[in-house]
K.L.:
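Here's a structure for you.
Remember, it's 1-based here, ligands and their atoms both numbered in the order they're listed. Here the structure is a predicted model, which means the values were calculated and not measured.
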Amino acid sequence: MMITLKNVTKEYNKGNIGLEDVSLDIAKGEFVFIVGKSGSGKTTLMKLLQKELDVTSGQIIVNGQDYKKLTQRNLPKFRRQMGMVFQDFRLLKDRTIFENVAFAQQVVEVPHRYIKHQVENMLEMVGLKDRMNAFPNELSGGEQQRVAIARALVNHPVLLLADEPTGNLDPVTAKGIMELLSEINKSGTTVLVVTHNKELVNEMGKRVILIEDGHIEQDEIRGSYDI
Ligand SMILES: Nc1ncnc2c1ncn2[C@@H]1O[C@H](COP(=O)(O)OP(=O)(O)OP(=O)(O)O)[C@@H](O)[C@H]1O
Ligand SMILES: [Mg+2]
C-alpha cells in the first residue's frame, strides 16, 4: 500500500472535528479523487498526509513509514518523496520559472550540474521550457499551475498530493491540468486530487472518495460525483 489510515481522528482545538475515525487504503499507483462539501475534511486529510498536522488518534502509514515513528529530524527527507500542488500555486514571485523549479532541488542538495538538466526536462514535460526565464506574473494561471506541478515532480516523488489544483482555472485549462496529473499517474506516481470539479471527476472514471462531516461516506472504484 502507498497509504493506510487506521481509525484516524483529527480534532482541532475547541472540539472542532476535521476527520473522525477514518480508515482507508490506497495502493501504489492509484489515482484517487477526494470530493465533498466545503468543511467536510478534505484539506485536513491532505495536511495529515503531509504531516503538516498530527493525528489526534489512529495510525497513518505512507510508503511503509508509520508517522508515529517519524522523527522531526527525518521529516524533511521523508517529505521529499511527496510532491504537493495547491489551489493558489505558491510560486516565488521574484524568481524565474526555472528558478522556481530549481529551488526544490537546491533545497534537497542535488548536485549543481544535474539541476539544469532535470529542471529543463520537467519544464519540457509541462510544455513550458520556452518560458523558463519568465517570472510567474508573466504567466497565465494555468501556466503557473503547470510550473507548480513541474516543481512538485522534479524530485521524482512516489506520491503527489494536489489540493484543488484546478480551483482557480477555467474549464479547458482545468481539464489540461487534470490530464497532466493523469499522465504523471500513468508513469507510476500515486496521485491524490482534492477537487470540486464534478464534470472532470465524472469524465475521468477514477476512484472517488466522498468525505462528509469528517467521515468517508462513499468510496467507489470508478466513481462519480453527483451530490
Ligand atoms: N486550523 C483549524 N482550526 C480549527 N478548525 C479547523 C481548522 N482547519 C479546519 N478546521 C475545521 O475542520 C473541518 C474540516 O476542514 P477542512 O479544511 O479539512 O475542509 P475542506 O473539506 O478542505 O473544505 P473546503 O472544500 O472548503 O476546502 C471544518 O469544520 C473546519 O472548520
Ligand atoms: Mg480544503
K.L.:
Of all the atoms in Thr43, is at least one N, O or S atom closer to the Mg ion (ligand 2) than 2.8 Å?
P.N.:
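Yes, within the cut-off.
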K.L.:
For ligand 1, which atoms, with element, lie under 4.0 Å from some heavy atom of Asn16?
P.N.:
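Those atoms are 4 (C), 5 (N).
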K.L.:
Hey, which atoms in ligand 1 end up nearer than 4.0 Å to a heavy atom of His196?
P.N.:
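Atoms satisfying the 4.0 Å criterion: 25 (O).
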K.L.:
Does a side-chain N-to-carboxylate-O contact under 4.0 Å join Arg146 and Glu143?
P.N.:
no
K.L.:
Between Lys37 and Glu212, does any NZ, NE, NH1 or NH2 come within less than 4.0 Å of an OD or OE carboxylate oxygen?
P.N.:
no
K.L.:
State the atoms of ligand 1, each with its element, that fall below the 4.0 Å cut-off from a heavy-atom position in Glu164.
P.N.:
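Those atoms are 25 (O), 27 (O).
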K.L.:
Distance from Gln145 atom CD to Asp88 atom CG, nearest 0.5 Å?
P.N.:
8.5 Å
K.L.:
What atoms in ligand 1 come closer than 4.0 Å to a heavy atom of Thr44?
P.N.:
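Atoms satisfying the 4.0 Å criterion: 14 (C), 15 (O), 16 (P), 18 (O).
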K.L.:
Testing the basics here: between Leu192 and Leu159, what is the closest heavy-atom pair and its distance to 0.1 Å?
P.N.:
CD1-CD1, 4.4 Å
K.L.:
Any side-chain to backbone donor/acceptor pair from Asn155 onto Arg80? Under 3.5 Å, distance only.
P.N.:
no
K.L.:
Show which atoms of ligand 1 fall inside a sub-4.0 Å distance from at least one heavy-atom site of Lys37.
P.N.:
21 (O)
K.L.:
Heavy atoms only: which of Val35, Thr43, Asp163, Ile17 lies closest to atom 17 (O) of ligand 1?
P.N.:
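Going through Val35, Thr43, Asp163, Ile17 one by one, Thr43 has the nearest heavy atom to atom 17 (O) of ligand 1.
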K.L.:
Between the candidates Ser40, Gly39, Ser38, Gly167, which shows the shortest non-hydrogen contact distance to atom 29 (O) of ligand 1?
P.N.:
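Looking at heavy atoms only, the winner is Gly39.
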K.L.:
I'd like to know if Lys68 pairs up with Asp66 as an ion pair, taking the criterion as any Lys NZ or Arg NE/NH1/NH2 lying under 4.0 Å from an Asp or Glu carboxylate oxygen.
P.N.:
no
K.L.:
Between Glu203 and Lys175, does any NZ, NE, NH1 or NH2 come within less than 4.0 Å of an OD or OE carboxylate oxygen?
P.N.:
yes
K.L.:
Indicate yes or no: does Asp226 engage Lys198 in a salt bridge with an N to O separation below 4.0 Å.
P.N.:
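Salt bridge absent between Asp226 and Lys198.
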K.L.:
Quick one: which ligand 1 atoms are inside 4.0 Å of a heavy atom on Gly18?
P.N.:
12 (O)
K.L.:
Does Thr9 reach the main-chain N or O of Asp21 with its side chain, forming a donor-acceptor pair under 3.5 Å?
P.N.:
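Yes: the side chain of Thr9 pairs with the backbone of Asp21.
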K.L.:
Considering only heavy atoms of Asn13, which atoms of ligand 1 have at least one such atom less than 4.0 Å away?
P.N.:
3 (N), 4 (C)
K.L.:
Identify the protein heavy atom lying closest to atom 21 (O) of ligand 1, giving its residue, its atom name and the separation to 0.1 Å.
P.N.:
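In this structure, atom 21 (O) of ligand 1 has Lys42 NZ, 2.7 Å as its nearest protein heavy atom.
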K.L.:
Short N/O distance, under 3.5 Å, between Gly36 and ligand 1?
P.N.:
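No, Gly36 has no N/O under 3.5 Å of an N/O on ligand 1.
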K.L.:
Could you check atom 2 (C) of ligand 1 against the protein and tell me its nearest heavy-atom contact, residue, atom and distance included?
P.N.:
Tyr12 CD2, 3.4 Å
